[in-house]
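What follows is one structure encoded as structure tokens, with my remarks underneath.
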Amino acid sequence: MSDTTDSRFDPAQADLRWQQAWDDAGCFHADSDSPKPKSYVLEMFPYPSGHVHMGHVRNYTMGDVLARYKRMRGFEVLHPMGWDAFGMPAENAAMEKNVHPGGWTRDNIAHMKSQLKRIGFALDWSREFATCDPEYYGHEQALFLDLFEAGLVYRKESEVNWDPVDHTVLANEQVIDGKGWRSGAVVEKRKLSQWFLKITQFADELLTGLDTLEDWPEKVRLMQENWIGKSKGLQFAFSLSDGQLVEVYSTRPDTIFGASFVAVAADHPIAQGVAADNPLAAAFIEQCKRGGTTAAELETAEKLGFDTGITAAHPLDPARALPVYIANFVLMDYGTGAVMGVPGHDQRDFEFATKYKLPIIRVVAKSAADADQPFGAAAEAGDGVIVNSGPLDGMDVAAAIAEVIARAESGQWGSGKTVWRLRDWGVSRQRYWGTPIPFIHCAACGVVPVPKDQLPVALPEDVDFSIPGNPLAHHPTWKHTKCPGCGGAANRETDTLDTFVNSSWYFLRFASQPDDQPFDRAEVEKWLPVEQYIGGIEHAILHLLYARFWTRALQHIGKLGFAEPFASLFTQGMVTHETYARRAPDDGRQTFFTPAEVDKRGEAAVLKADGFPVEIGRVIKMSKSKKNVVDPDEIVARYGADAVRWFMLSDSPPERDLPWSEAGIEGCWRFVQRLWRLLGQYDPAATGEDKSVARKTHQTIAACAEDIEALSFNKAVARIYELTAVIEKSVPSASRSEAIRSLLLLVSPMMPHLAEEVWSRTGQGGLIALAPWPHVDSALLVDDEVTIAVQHKGKLRDTLTVAKGMPGAELEALALASEKVQRSLDGAEVRKVIVVPDRLVNIVT
RNA sequence: GCUGCUGUAGCUCAGUGGUAGAGCGCAUCCUUGGUAAGGCUGAGGUCGAGAGUUCAAUUCUCUCCAGCAGCACCA
């Protein structure tokens with residue numbers, strides 16, 4: 001019966017053979033001209049750090065299962081791979097190991113590619129590229145020039161976040177708690193001329209566009225919404241006693257009659273002006289600047305102010321003069337850098353007013369009768385009716401806001417304004433290993449774009465990393481060139497582009513890669529938008545917002561016909577592992593050990609080297625510093641690609657973290673072998689029907705399809721376990737053989753090597769990678785017999801097995817006739833019987 | 001502080017207005033020619049807590065508790 005003579009599946013033999021067979025057959029080559037419906041499955045491309053880690057394996061396994069499944073369903077699938085190859089680590093390696101960033105990156109790519117191939121991913125490697133390829137970044141330079149012509153690129157002097165360790169500028173979002181996201185160094189402020197992309201021009205579109213992204217996680221949409229940070233309010237000016245004007249912004253102009261002071265930021269011009277001839281004010285400003293910026297420090301920081309002695313006239317009650325303070329809690333870079341203080345209805349203002357004994361005026365109350373209710377220990381920021389506000393009294397908050405804005409506009413002392421938290425995207429980096437910004441600085445002509453026929457502006461190969469700062473800037477010859485305008489001597493721009501620019505359009509280049517332009521619009525539009533994009537939640541804001549912006553910008557200049565690149569987004573969880581450590585007895589510092597150095601004995605663990613116990617710590621994301629990493633190469637070498645792939649899909653829902661464990665991978669390995677034995681029993685000659693097996697088979701096929709389409713791989717896995725158990729317990733029949741064949745097809749996207757091996761040994765033609773998904777007989781999806789629960793006093797007393805659809809009256813009679821039920825009733829009077837057909841009978845006494 | 005997510009077997013998770021499930025782990029036993037293994041059987045649950053709606057709530061509603069994540073002097 002069995003054609004599989006080997007008693008065990010040997011991945012070391014099979015994996016490589018089938019990977020070669022797929023390559024030879026060109027199975028995963030995506031044909032842009034195919035008449036089939038198209039599906040673009042994309043995982044976020046990796047940075048070539050040198051090693052594939054478990055997080056990559058999980059990410060790419062998910063995409064791979066989906067891609068293989070889609071192909072089985074008759075789609076022409078684009079599932080590409082490439083390399084996000086520019087960035088700091090290559091330069092760090094260059095400095096530390098005295099290698100060239102390009103060579104280091106190329107070596108890493110070669111190694112990681114071989115690792116990915118060993119896991120058997122169904123990728124179209126013919127479309128592979130690295131963002132450090134001059135062809136790629138040359139096209140990127142061309143796109144950058146296009147955006148420049150469209151007015152979406154500009155240069156301005158701005159205060160920047162300077163990382164003193166990396167010697168580079170950081171975007172706001174790359175500064176975390178005042179420190180560089182990569183170096184961890186405390187960031188300094190510097191003024192530099194920088195290149196910017198006008199992302200703010202699309203702020204509203206990027207915000208409203210989120211509503212169209214129904215297949216994105218709610219969480220990610222919310223994070224982007226917060227990041228864009230739209231707020232509506234009134235911007236207006238106070239006339240000051242010294243003759244100046246100060247602009248303030250408020251989202252609650254309805255509370256304007258509750259204002260009891262004006263506060264400006266320490267670096268506001270008014271504050272600077274006061275400080276110029278008041279040493280006390282200058283000292284206070286210095287004190288503000290020393291204040292910490294971490295969340296914890298801000299939480300506990302006391303609200304502090306300095307009374308400038310200046311007063312501001314209230315625009316709706318000119319008799320009132322409000323004191324003007326310099327305050328440590330007002331930020332210069334949001335709104336106008338100055339606020340009106342309304343202590344009654346803003347917690348910060350409340351704390352400030354309490355400290356400096358300023359009036360706290362109630363202007364919003366539960367009802368008009370509560371107009372003089374005293375405040376408790378906090379401000380009241382909620383809704384209500386306006387009181388103590390002259391012409392606004394009796395209005396609700398929304399009406400009062402509209403009224404104040406209308407009065408400000410007609411009185412010409414202010415106007416309604418929308419303020420965004422989002423800033424333009426500073427893309428200049430003072431580094432070597434990035435896309436050179438294609439501009440030339442000419443003393444006569446100014447800043448001139450490099451003509452497109454001179455692209456790419458290629459990086460020089462000979463660079464010196466021994467001097468701190470930008471190697472491009474101190475290269476002896478590279479920057480010297482001729483001005484395209486006047487032909488005179490000129491200098492190249494030595495800044496390079498933020499690497500997030502590289503990843504803002506790579507998904508377009510995967511779809512179409514002509515030599516003479518970045519992409520062909522028609523071809524891109526055949527594939528895009530990406531049907532399913534999969535990656536880590538850490539890119540929820542930066543990469544995904546930039547890619548959305550870039551796509552919209554290209555649409556804006558007529559290069560694309562769609563606005564959103566990723567129709568559906570999935571953010572997968574991390575791969576985690578427990579940690580093993582010992583604490584030094586003197587200072588309590590932890591020394592961590594790798595899983596390989598440790599022997600687990602039940603709940604405890606000992607160090608192999610000395611046999612003494614180690615502490616088992618929390619289950620956290622695999623990281624080098626905690627040494628809780630498992631190397632995919634070793635695991636694949638021991639268990640083969642399929643067991644690892646299976647582990648990545650089973651147990652945890654894909655959006656949640658997946659705890660790696662030795663026991664887990666062992667279980668997967670055993671299941672691979674169990675399947676091997678079962679699938680080898682395929683016998684096309686068997687006869688006879690087994691309805692329950694047939695039913696289970698078709699139910700599983702239908703459910704697995706739904707699960708895979710919803711990316712609920714763990715559910716599909718659970719159903720495959722169930723079907724496996726059912727088939728194992730069945731006796732030979734045609735139904736059983738069909739079940740085995742279906743099971744083989746169901747597992748083939750997840751365990752492709754095992755599946756090919758069985759497919760070939762059981763004499764089925766061709767490659768299973770190209771076979772269609774099994775057909776579902778919908779007649780077999782419903783059971784024709786059902787089990788009915790019989791309850792009395794809320795407890796189960798008996799079950800009945802009856803034909804599906806039996807009428808309620810018959811069920812009731814059968815239930816009451818049950819011996820077990822009669823025993824439970826014990827002669828009690830039946831008051832009511834609830835019958836739910838095909839489900840249960842409940843007898844109430 | 002605000003927002004979101006999650007609480008079901010020892011672990012990781014399915015599931016449902018009506019009989020509480022799977023895999024792993026654990027225990028007993030069998031096999032020792034599928035053997036760095038295979039199999040039988042079994043134990044194990046206040047479905048986070050409380051209240052409400054209902055004949056019936058793990059499921060629906062409300063309140064609370066715990067854990068995780070993101071955001072945050074954003075005016």
Side-chain angles (χ1 to χ4, degrees), chain A residues 2 4 6-8 217-223 225-227 229-231 233-235 248-253 255 263 265 291 293 295 297-299 301 303 327-331 333-342 345-349 351-352 378 381 419-421 537-538 540-541 573 602-603 619 638 650-653 655-659 661 663-671 673-674 676-677 680 707 712 714-722 724-725 728 787-800 831-836 838-845:
Chain A
S2 170
T4 57
D6 300 27
S7 60
R8 296 170 72 74
E218 183 64 35
K219 179 165 62 167
V220 174
R221 288 191 286 173
L222 206 74
M223 284 165 75
E225 193 181 317
N226 290 339
W227 189 260
K230 181 180 188 177
S231 74
L234 173 68
Q235 182 166 329
V248 302
Y249 173 74
S250 172
T251 55
R252 290 293 303 275
T255 62
T293 55
E297 285 169 315
L298 289 174
E299 190 99 356
K303 305 281 178 283
N328 66 345
F329 66 94
V330 178
L331 305 176
D333 57 359
Y334 187 82
T336 61
V339 297
M340 67 169 184
V342 184
H345 307 284
D346 181 283
Q347 184 58 30
R348 294 157 300 181
D349 298 347
E351 287 170 31
F352 190 81
V419 168
W420 304 86
R421 186 176 172 277
I537 186 71
E538 66 272 22
I541 297 174
E603 299 295 295
V619 178
R638 268 169 69 196
S650 57
D651 291 345
S652 287
E655 70 277 12
R656 266 191 246 170
D657 290 349
L658 174 68
S661 72
I665 186 68
E666 290 276 355
C668 293
W669 168 249
R670 281 201 298 275
F671 186 67
Q673 298 302 342
R674 189 174 150 200
W676 173 253
R677 291 190 298 273
D707 290 337
S712 299
N714 61 318
K715 292 196 206 177
V717 163
R719 292 181 208 284
I720 287 170
Y721 279 131
E722 282 183 39
T724 302
E728 280 172 339
T787 306
I788 306 282
V790 183
Q791 292 179 336
H792 172 225
K793 287 185 187 165
K795 284 197 173 160
L796 184 73
R797 302 297 170 182
D798 200 2
T799 57
L800 307 171
R831 285 175 35 216
K832 194 173 176 185
V833 180
I834 291 119
V835 182
V836 183
D838 294 341
R839 301 220 72 153
L840 103 166
V841 179
N842 186 15
I843 300 162
V844 184
T845 54

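Throughout, protein chains are lettered first and strands after them, A, B, ... in sequence-line order, and every chain is numbered starting at 1.
Across all strands shown, A/V717 has no heavy atoms under 4.0 Å from either base or sugar-phosphate atoms. Within the 4.0 angstrom heavy-atom criterion, base atoms lie near A/I834. Using a 4.0 Å heavy-atom distance criterion, A/K715 is classed as a sugar-phosphate-only contact.
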Taking only N/O atoms, report every protein-nucleotides 7-13 of chain B pair under 3.5 Å with atom names and distance.
from: B/U12; atom 1: O2'; to: A/S652; atom 2: OG; distance (Å): 3.4
from: B/C13; atom 1: O2'; to: A/N714; atom 2: ND2; distance (Å): 3.4

Note, RNA chain B 5' to 3' with Watson-Crick or G-U pairs under 3.5 Å encoded as ( ), [ ], | and . gives (((((((..((((....[..)))).((.((.......)).)).....(((((..]....))))))))))))....

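To the nearest 0.5 angstrom, A/Y334 atom OH is 10.5 Å from A/W420 atom CH2.
Shown here, B/G70 is classed anti by the O4'-C1'-N9-C4 or O4'-C1'-N1-C2 angle, which is more than 90° from 0.
Side-chain nitrogen and oxygen atoms of A/R421 include none within less than 4.0 Å of the OP1 or OP2 phosphate oxygen of B/C71. Using a 4.0 Å cut-off, some side-chain N or O of A/R670 falls inside it from OP1 or OP2 of B/G25. Listed pair A/Y334 / B/A75 meets the phosphate criterion, a side-chain N or O lying under 4.0 Å from OP1 or OP2.
For B/G48 and B/A43, the C1' atoms lie 24 Å apart once the distance is rounded to whole Å.
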List the steps, then state whether side-chain hydrogen bond (donor to acceptor under 3.5 Å, both in side chains) holds for A/S231 with A/Y249.
CA-CA 10 Å; A/S231 74; A/Y249 173 74; 3.1 Å; yes

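The base of B/G34 is paired with the side chain of A/R677 by a donor and an acceptor separated by under 3.5 Å.
Two residues, A/M223 and A/G337, neighbour RNA chain B, and the one matched to the more 5' nucleotide by heavy-atom proximity is A/M223.
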